[in-house]
*Asks:* 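If you scroll down you'll find the structure; I have some questions about it.
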There are 2 protein chains.
Amino acid sequence: MSQPKIARIDQSKLRESAYDALHEAFTRGAFAPGETVSLRTLADQLGTSMTPVREAVRRLVAEGALVDTPSRTLEVPPLDADRMRELKSARLALEALLLEEAMDRIDKDVITGLEKIISAPRSETGTPDLKQNYDFHFTLYRQSRSRVILPLVEALWLQYGAFLNLVVREQAAGEIPEHIHHEEIIAALRDNDRKSAQRSLALDIERSFKLLLPES
Amino acid sequence: MSQPKIARIDQSKLRESAYDALHEAFTRGAFAPGETVSLRTLADQLGTSMTPVREAVRRLVAEGALVDTPSRTLEVPPLDADRMRELKSARLALEALLLEEAMDRIDKDVITGLEKIISAPRSETGTPDLKQNYDFHFTLYRQSRSRVILPLVEALWLQYGAFLNLVVREQAAGEIPEHIHHEEIIAALRDNDRKSAQRSLALDIERSFKLLLPES
DNA sequence: TGCGTGTGATCTGTGATATTTTATACCATG
DNA sequence: CATGGTATAAAATATCACAGATCACACGCA
């Protein structure tokens, strides 16, 4: 708790900035399941007062990335196999819908953009590049122009992010060949092969839970 | 705006109470699409200060029941066919998952409870009983013990609630025979017939969008 | 007379801060 | 060693100050 994990923000649209900073921190796996956070600490780290942080945190609670404890402190939801299974089936169901819509509208430029994302240099540290994975999926999903389902999927990834924190800490990177399914998806997008794209996306989602739900 | 549409709340856990009151108001169809709401007005009606209302409203925005406008006022999202279609496909996908889980755990008492809900006296006014419909579905879904998907579905219903406001105003009740599919679902639950239950639920969801998306 | 424009009053949300309530940890006392 | 009370720290709420948007209305010009 001593050294800040999240960047400072500047002084306009404070609530949004605070939310963005925390959102980014979650997708980066900066928070560990079970960890507790305090409004004052966050406010100090972000360089604002409590008010904007409180509203940002309220949104994160609504999205399931944080939970209120009976003692009125906030905590990152602890690791829980049932929740993880739900997360997986919800992601499979909703991201399939987004992919379907996205494939109605996607164009060459976006596909090129996706290729650029996955071909970007991997981080040398050997840890899986969570941001790269996030960018790949959401660049694709945003093509759906969805205003209902896309926010739900964002919320799911936010919950998933805390779990990834553990993966990052405990696993070597080489064991997660995430780019394989990403390449399959891109190929299917080029061929406009819906079945194949759906299959590869499902495999990619399954993959990302393998380390967390080994029994499946 | 002169006469309050929402009940006052009592003085503990104000934020939760405020949220509950607003949530209830939405499922009751108390707010119309496009309507704007003000923090101060809501706070006055609820008998609290702005702070708890602000946090409750933040949650509703996160859930999509309210949106921030560029001019920083709050409004109930206007009617929009695309959003409605998304709402429908998301409901079909997620509520199927909840039903599946619920059928693993449901017992006789709950089924009896469901029968009691739909056999309760319809309101005499001739308007469709939104609360009864809500209670039927969520009594069922809560059996799933879901902590991830259930909140997502709550959010979907919250968005749907504003649209229902229009239905309530413009349509006679007799045209919506919602109890028919509910009875089919109960019968399927008794037989533990998953296929049939899923089919009836899907039909029920389709039905509830019929008036809003006539072309489908 | 009719239409556009400007101006001010009155809304709005935002952010900060003071006050109250509640939980928890610690220490004294039995 | 257990128990109870107190001190402390945190969150919850209320209140305040401020900036910006909207709306109505009056004024000036055609």
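Chain A is the first sequence line, chain B the second, and so forth, proteins listed ahead of strands; every chain is numbered from 1.
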*Asks:* Distance check needed: D/dT13 P versus B/Leu14 CG, whole Å only.
*Replies:*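 After rounding, the reported distance stands at 5 Å.
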*Asks:* Short question: side chain of A/Glu86, backbone of B/Ile149 - any donor-acceptor pair under 3.5 Å?
*Replies:*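 Judged by distance alone, yes, a pair lies under 3.5 Å.
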*Asks:* Between atom CD in A/Glu55 and atom P in C/dG15, what is the gap in whole Å?
*Replies:*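 Spelled out: CD on A/Glu55 to P on C/dG15 is 7 Å.
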*Asks:* Report the end-to-end axis angle of the helix from C/dT1-D/dA30 to C/dG30-D/dC1; each axis comes from five terminal pairs, and the value is rounded to 10°.
*Replies:*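 End-to-end axis angle for the helix from C/dT1-D/dA30 to C/dG30-D/dC1: 10°, rounded to 10°.
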*Asks:* In whole angstrom, what separates B/Glu75's CD from C/dG13's P?
*Replies:*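 For the pair B/Glu75 CD and C/dG13 P, the rounded distance is 12 Å.
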*Asks:* What is the minimum heavy-atom distance between A/Ala102 and A/Leu140, and which atoms define it?
*Replies:*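 For A/Ala102 and A/Leu140, the tightest heavy-atom pair comes out as CB-O, 3.5 Å.
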*Asks:* In whole Å, I'd like the distance from the CZ atom of A/Arg58 to the P atom of D/dT13.
*Replies:*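 One finds 9 Å between P of D/dT13 and CZ of A/Arg58, rounded.
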*Asks:* Which part of the nucleic acid, if any, lies within reach of B/Leu74 when heavy atoms closer than 4.0 Å are counted: base, sugar-phosphate only, or nothing?
*Replies:*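 It contacts sugar-phosphate atoms only.
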*Asks:* Would you say C/dT12 has OP1 or OP2 under 4.0 Å from some side-chain N or O of B/Thr41?
*Replies:*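 Result: yes.
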*Asks:* Please give, in whole Å, the distance from C/dT22 C1' to B/Arg15 CZ?
*Replies:*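 It is 14 Å, rounded to the nearest whole Å.
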*Asks:* Quick check: closest heavy atoms across A/Tyr19 and A/Leu60, and the distance to 0.1 Å?
*Replies:*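 Of all heavy-atom pairs spanning A/Tyr19 and A/Leu60, the closest is CE1-CD2, 3.7 Å.
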*Asks:* Check the distance between C/dT14's P and A/Arg54's CZ and give it to me in whole angstrom.
*Replies:*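 Those two atoms, CZ and P, are 13 Å apart.
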*Asks:* If the condition is side-chain contact (heavy atoms from CB on, under 4.5 Å), which residues does B/Thr73 pass it with, not counting sequence neighbours?
*Replies:*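 Result, side-chain contact (heavy atoms from CB on, under 4.5 Å) vs B/Thr73: B/Thr69, B/Ser71.
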*Asks:* Where the side chain of B/Arg72 is defined as all heavy atoms beyond and including C-beta, which of C/dT17, D/dG20, D/dT22 is the nearest nucleotide?
*Replies:*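 Nucleotide nearest to B/Arg72's side chain: D/dG20.
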*Asks:* For A/Leu39 and D/dA12, give me the distance from atom CG to atom P, rounded to whole Å.
*Replies:*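 Taking atom P of D/dA12 as the reference, CG of A/Leu39 is at 7 Å.
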*Asks:* Taking the six-membered ring for Trp, is the centroid-to-centroid distance between B/Tyr141 and B/Phe138 below 6.0 Å?
*Replies:*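 Yes, close enough.
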*Asks:* Using only side-chain N and O atoms of B/Ser71, determine if any of them is under 4.0 Å from OP1 or OP2 of D/dT22.
*Replies:*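 So the side-chain polar atoms of B/Ser71 do come within 4.0 Å of the phosphate oxygens OP1 or OP2 of D/dT22, strictly under.
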*Asks:* For B/Met50 and C/dT12, what is the distance between atoms CE and P respectively, to the nearest whole Å?
*Replies:*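 Whole-Å distance recorded here is 9 Å.
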*Asks:* Okay, side chain of B/Asp82, backbone of B/Arg85: is any donor-acceptor separation there less than 3.5 Å?
*Replies:*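 Not confirmed, B/Asp82 side chain does not pair with B/Arg85 backbone.
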*Asks:* More 5' along DNA chain C: B/Arg40 or A/Thr51, using each one's nearest nucleotide?
*Replies:*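 First, find each residue's nearest nucleotide; the 5'-ward one identifies B/Arg40.
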*Asks:* Provide the closest heavy-atom pair for B/Met103 versus B/Ala197 in the form atom of the first, atom of the second, distance.
*Replies:*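 That closest heavy-atom pairing would be SD-CB, 3.7 Å.
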